[in-house]
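The structure appears below as structure tokens.
Everything numeric in this text was worked out from a predicted model, so none of it was measured. Only heavy atoms go into these numbers, but all of them, side chains included; no hydrogens, no water, no symmetry mates. Heads up: numbering here begins at 1 and tracks the sequence.
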Amino acid sequence: MWSDEISTARILIVDDEPANVRLLERVLDRLGYMNVQGITDARELPETLELFDPDLILLDLHMPHVDGYQILAQLRARKSQEYLPVLVLTADVNPETRLRALREGANDFLTKPVEPTEVGLRVRHLLTTRFMTLELQDQTEVLEHKIRARTWELEEAQIEIMDRLARAAEYRDDDTGEHTFRVGHNAAELAAAAGIVTTDVELIRSAAPLHDVGKIGIPDAILLKPGPLTDEEFAIMKTHTVTGAKMLSGSRFRVLQLAEQIAMSHHEAWNGTGYPHGIAGEAIPLPCRIVSIVDTFDALTHARPYKKAWPIEKALDVIREGSGVKYDPALADLFVEMRLKRPTGADEKLQRAVKRRSA
């Protein structure tokens with residue numbers, strides 16, 4: 001196993017004595033190693049490492065200019081995850097020398113004069129270990145790639161299931177099912193403009209479309225009623241927040257935990273007059289305050305079975321009037337500013353994306 005790789009392995013000898021380099025080259029040549037290079041000036045090592053890219057280094061310790069310990073330190077500093085073995089060969093028989101070399105990063109140690117058979121055994125062992133390690137690293141990278149791909153597939157499946165669940169609820173009073181997509185997109189835009197970190201912006205983009213999932217439990221006679229709701233009917237309508245939160249509760253996934261929060265609290269009001277719990281101000285979670293604004297704006301500017309679409313400026317007036325009352329004033333001002341500065345054609349571009357998604 002690995003016989004071809006071992007015989008063609010690149011072996012670098014670093015020794016200040018030319019005779020020692022020639023001896024080791026002859027030994028390795030007889031053992032069948034075809035790619036051996038030696039240097040006698042350790043200062044050349046950095047350039048040689050780049051050009052030769054060795055699989056194994058045979059290293060002397062006591063050399064002028066740069067000794068073996070300094071080289072071991074250099075190798076430690078430059079090592080990536082790749083395993084590059086070092087076999088120390090020295091005439092120093094002091095036990096402390098051996099221990100220090102091994103502590104500094106050497107993988108094996110032989111004293112000079114060396115015995116060719118032992119050199120051959122140590123070299124083969126270190127090269128075998130190197131190629132086994134590289135193979136394991138390759139296998140690990142393949143597995144990591146497969147895991148990333150599988151994780152991406154699962155995330156895509158999760159997002160698609162959430163999207164379909166949101167559409168199932170939305171089809172009750174929007175036969176296009178496009179409202180949920182626009183709310184997710186516009187909530188993400190507002191969140192980004194408010195300075196929320198990108199990862200949380202994307203969570204909001206995915207979670208916001210489920211804000212009205214609880215409408216699944218509202219009777220058509222109330223949900224699609226063309227005229228004003230009675231107090232009793234409005235009380236039933238308000239239950240879609242709690243129903244939606246219950247449907248989404250208990251998940252261990254952050255995106256569904258956020259969706260639960262948004263479903264529960266996107267009808268809370270800045271002044272505490274909202275529902276279902278009447279919380280106020282910054283006690284209302286930030287994603288819910290964001291969705292409250294974009295949900296209202298989108299509902300007003302698009303037709304439903306029981307209402308016509310409002311002009312954008314009229315819908316913005318509603319947001320302005322609700323600033324500090326129903327809506328977070330800073331977010332309301334930011335949203336109005338964003339809409340007024342919206343590039344020409346941006347809404348049409350978004351609508352084309354919605355149509356492609358629905359096709």
Check side chain to side chain contact (heavy atoms under 4.5 Å, CB included) between [X] and all other residues, then give those that pass, not counting sequence neighbours.
X: Lys341; answer: Glu337
X: Arg100; answer: Tyr69, Glu96, Arg103, Glu104
X: Glu202; answer: Arg205
X: Lys246; answer: Val242

Quick one: list whatever passes salt bridge (charged side-chain N to carboxylate O under 4.0 Å, His left out) with [X], sequence neighbours left out.
X: Glu313; result: Arg320
X: Glu115; result: none
X: Asp333; result: none
X: Asp16; result: none

### Task
Kindly state each residue pair satisfying salt bridge (Lys or Arg N to Asp or Glu O under 4.0 Å) with at least one member in residues 285-302, sequence neighbours excluded.
Arg182-Asp298, Arg289-Asp328
### Query
Pairs in or reaching into residues 21-42: which pass side chain to side chain donor-acceptor pair (under 3.5 Å), with residues at least two apart or in two chains?
Asp41-Arg43
### Query
Does the side chain to side chain contact (heavy atoms under 4.5 Å, CB included) test come out yes or no for Arg254 and Asp200, once each step is laid out?
CA-CA 10 Å; Arg254 190 179 172 200; Asp200 288 344; 2.7 Å; yes
### Message
Please report whether the ring centroid of His211 lies less than 6.0 Å from that of His240.
### Response
no
### Task
For Asn107 and Leu84, work out which heavy atoms get closest and say how close.
OD1-O, 3.9 Å
### Query
For Phe297, what residues pass the ring pair (Phe, Tyr, Trp, His ring centres under 6.0 Å) criterion, not counting sequence neighbours?
Phe335
In residues 270-286, what donor-acceptor pairs under 3.5 Å come from side-chain atoms, sequence neighbours left out?
from: Asn271; atom 1: OD1; to: Thr273; atom 2: N; distance (Å): 3.1
from: Asn271; atom 1: OD1; to: Thr273; atom 2: OG1; distance (Å): 2.7

